[in-house]
Amino acid sequence: MVRKVAKKLAGLLVDDKTRIICVCGAPFVGKTWLTKYAISKENEDSIIIYDNIDTYERFVEIIEHRKEDTRKYVIVGRLFESKCRQIIKCDIAIEYVSVYPMSYDEFKLSIPKIYNLNDIEILNLYILVGGLPEIVKIFLETGDIEKVREGQI
């Protein structure tokens, strides 16, 4: 799922019509995830990311202040309200991308082969870590379950 979303997001970033991309769904899919999986180095200068937007008021504020700006905006929201999707601005093309936690198969692919783990060990890790991309990133970088638990809170 994560790779599918990243591919769709990358396509929207090069689409000239789309000005604002709203990434909604699972928590912990913010700036780090977007930068790593979807935004190429050449596009970074023209894109601004707003992360962890969880209120309708903040969402509207961002859109209202960006009417005159020609850069692209990625808005990441953990708890986008359904009314956010009802905003239609004729001068701003807004696209929505839903993100879900990584499946077991995606998680399994993310574990480096050097760990030489069997399927049961990977399943146990998946149960401990879960499928939220940012939490998986913490686990892959540190291997520390305590840091994973802190990130899950």
Side-chain angles (χ1 to χ4, degrees), residues 1-59 61-63 65-66 69 71-82 84-85 93-153:
M1 180 56 72
V2 173
R3 287 189 178 95
K4 288 178 187 174
V5 170
K7 188 174 181 182
K8 180 175 182 180
L9 191 56
L12 290 173
L13 290 170
V14 297
D15 174 10
D16 289 338
K17 295 176 189 170
T18 303
R19 292 263 313 283
I20 295 176
I21 302 166
C22 299
V23 180
C24 33
F28 305 104
V29 291
K31 295 178 187 176
T32 306
W33 180 84
L34 288 166
T35 304
K36 183 174 180 183
Y37 289 101
I39 299 175
S40 68
K41 294 287 181 198
E42 56 218 40
N43 288 336
E44 279 186 43
D45 293 338
S46 64
I47 295 170
I48 294 180
I49 300 175
Y50 291 90
D51 198 10
N52 298 329
I53 306 304
D54 61 0
T55 66
Y56 176 73
E57 291 73 22
R58 179 71 178 121
F59 178 72
E61 179 184 324
I62 291 169
I63 290 178
H65 284 92
R66 302 302 164 221
D69 199 336
R71 291 177 292 181
K72 293 200 179 210
Y73 289 83
V74 177
I75 303 174
V76 180
R78 293 182 181 188
L79 301 170
F80 269 122
E81 299 175 31
S82 59
C84 292
R85 293 179 181 262
I94 303 173
E95 290 286 340
Y96 292 87
V97 179
S98 293
V99 177
Y100 302 97
M102 296 169 79
S103 67
Y104 168 72
D105 290 332
E106 285 187 310
F107 180 82
K108 189 175 172 180
L109 287 172
S110 73
I111 302 296
K113 299 272 186 235
I114 59 168
Y115 291 133
N116 198 25
L117 301 173
N118 64 37
D119 285 348
I120 295 299
E121 292 169 323
I122 294 173
L123 179 60
N124 287 335
L125 277 177
Y126 182 68
I127 292 168
L128 282 171
V129 175
L132 300 177
E134 196 69 16
I135 302 302
V136 173
K137 179 182 178 297
I138 291 169
F139 172 74
L140 292 175
E141 287 177 351
T142 67
D144 186 346
I145 294 299
E146 288 302 316
K147 287 186 180 177
V148 166
R149 291 289 184 215
E150 289 172 17
Q152 290 172 334
I153 294 174

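Just so you know, residue 1 is the first one in the sequence shown, and it goes up from there.
- Every residue two or more places apart in sequence or in another chain that forms a side-chain contact (heavy atoms from CB on, under 4.5 Å) with Asn118 is listed here: Ile120, Glu121.
- For residues 132-153, no residue pair satisfies the ring pair (Phe, Tyr, Trp, His ring centres under 6.0 Å) rule, not counting sequence neighbours.
- Residues Ile21 and Ile47 have side chains not in contact (no heavy-atom distance under 4.5 Å, counting atoms from C-beta outward).
- The ring-ring contact (aromatic ring centres under 6.0 Å, His included) check on Tyr73 picks up Tyr50, with sequence neighbours excluded.
- Summarising the geometry of Tyr104 relative to Asp119, their closest heavy-atom pair is OH-O, 3.2 Å, with the distance given to 0.1 Å.
- For Arg58, the salt bridge (Lys or Arg N to Asp or Glu O under 4.0 Å) criterion is met by Glu61, not counting sequence neighbours.
- Rounded to the nearest 0.5 angstrom, Asp105 CG and Ile122 CD1 are separated by 10.5 Å.
- Ile127 pairs by the side-chain contact (heavy atoms from CB on, under 4.5 Å) definition with Leu123, not counting sequence neighbours.
- You'll find the side chain of Glu95 stays beyond 4.5 Å of the side chain of Leu9, heavy atoms only.
- Annotation: the span from Arg19 atom CZ to Arg71 atom CZ amounts to 10.5 Å, rounded to 0.5 Å.
- Closest non-hydrogen pair, Lys72 versus Leu12, comes out as NZ-O, 3.0 Å.
- Shown here are the side chain to side chain donor-acceptor pair (under 3.5 Å) partners of Thr142, two or more places apart in sequence or in another chain: there are none.
- In this structure Leu128 satisfies the side-chain contact (heavy atoms from CB on, under 4.5 Å) test together with Ile145, Arg149, sequence neighbours excluded.
- Considering only residues two or more places apart in sequence or on other chains, Asp15 meets the side chain to side chain donor-acceptor pair (under 3.5 Å) condition with Thr18.
- The shortest heavy-atom contact between Lys17 and Ala93 is O-CB, 2.9 Å.
- Of all heavy-atom pairs between Cys22 and Phe59, the closest is SG-CE1, 3.4 Å.
- Not counting sequence neighbours, Asp16 has no partner by the salt bridge (Lys or Arg N to Asp or Glu O under 4.0 Å) test.
- Taking Lys147 as the reference, nothing meets the side chain to side chain donor-acceptor pair (under 3.5 Å) condition, with sequence neighbours excluded.
- Screening Leu125, Ile135, Val136 for a side chain to side chain contact (heavy atoms under 4.5 Å, CB included) involving Val148 leaves a single residue, Ile135.
- A 4.5 Å side-chain heavy-atom check between Ile94 and Ile63 finds at least one atom pair inside the cut-off.
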